[in-house]
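Note sheet for the following structure.
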Amino acid sequence: MPTARAPCSPNSRATSSDGKLDVRLAMQKELGGNGDGTNPEQLFAAGYAACFATSLKLVAGRKNLDASDASVTAEVGLSPNGKGGYQLDAVLRVRPPAGLSSAEAHDLVETAHQVCPYSNATRGTMRVDLIVEQ
């Protein structure tokens, strides 16, 4: 199982156990930090986009569709949770494979949303808006 470590000290680094991930962390300016590094929301957005793209490719393959021209952009932000803390919100902008009707594209994206581990992990705990861009 992959592991990563992130100390709580200022100007720290997040690193993976295999050394393939090594990024400087910084708190966002909006939260009082200097913004001179990667923040957790950026890391989550990158992971969610990659995971959803893999799920989209898997679902497309099951339907004998070539998804090599498809893409996923994840926008992840923070909003107050009404209890003194914050919650994540996400927008997934999905460009489906070319040549699909609007209905086929929406069906493919919705099915990928049911398959994606990130979507399954966050379902019911955070707002995720799916936007199909054709």
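Considering every non-hydrogen atom in both Pro96 and Gln134, the closest pair reads CG-CG, 4.0 Å. Nearest heavy-atom pair across Arg123 and Gln114 is NH2-NE2, 3.6 Å. Shortest non-hydrogen contact noted between Val115 and Asn120 is O-ND2, 3.5 Å. Heavy-atom minimum distance, Asp69 versus Pro97: OD1-CA, 3.3 Å.
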Would Thr122 and Val128 satisfy side-chain contact (heavy atoms from CB on, under 4.5 Å), going step by step from the backbone distance to the final call? CA-CA 8 Å; Thr122 61; Val128 177; 4.1 Å; yes
Under the criterion side-chain contact (heavy atoms from CB on, under 4.5 Å), I'd like the reasoning laid out for Leu108 against Lys63: C-alpha separation, chi angles, the key distance, then a yes or no. CA-CA 9 Å; Leu108 181 68; Lys63 296 178 182 244; 4.2 Å; yes
May I have the step-by-step check of side-chain contact (heavy atoms from CB on, under 4.5 Å) for Val132 and Arg93, ending in yes or no? CA-CA 6 Å; Val132 179; Arg93 296 183 185 280; over 6 Å; no
Given Leu56 and Thr54, is the side-chain contact (heavy atoms from CB on, under 4.5 Å) satisfied, shown in steps? CA-CA 5 Å; Leu56 189 71; Thr54 300; over 6 Å; no
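Counting only distance, with no hydrogens or angles, the side chain of Gln42 and the backbone of Asn39 share a donor-acceptor pair below 3.5 Å. Panel note: side chain His106, backbone Ser102; a donor-acceptor pair is recorded below 3.5 Å. In terms of modelled atom types and a separation under 3.5 Å, the side chain of Ser101 and the main chain of Glu104 share a donor-acceptor contact.
A continuous path of ILVMFWY side-chain contacts below 4.5 Å connects Val72 to Leu65, so both sit in one hydrophobic cluster. No continuous path of ILVMFWY side-chain contacts below 4.5 Å connects Val94 to Val91, so the two sit in separate hydrophobic clusters. Linking ILVMFWY side-chain heavy atoms closer than 4.5 Å, directly or via other members, places Leu130 and Met126 in a single hydrophobic cluster.
Between the side chains of Thr15 and Asp22, not a single donor N or O lies within less than 3.5 Å of an accepting N or O.
Partners of Tyr48 by ring-ring contact (aromatic ring centres under 6.0 Å, His included), not counting sequence neighbours, listed by chain and number: Phe44, Tyr118.
Glu133 has no carboxylate O lying under 4.0 Å from a charged side-chain N of Arg95, or vice versa, which leaves the two without a salt bridge. Using a 4.0 Å cut-off between a side-chain N of Lys or Arg and a carboxylate O of Asp or Glu, Lys57 and Asp66 do not qualify as a salt bridge.
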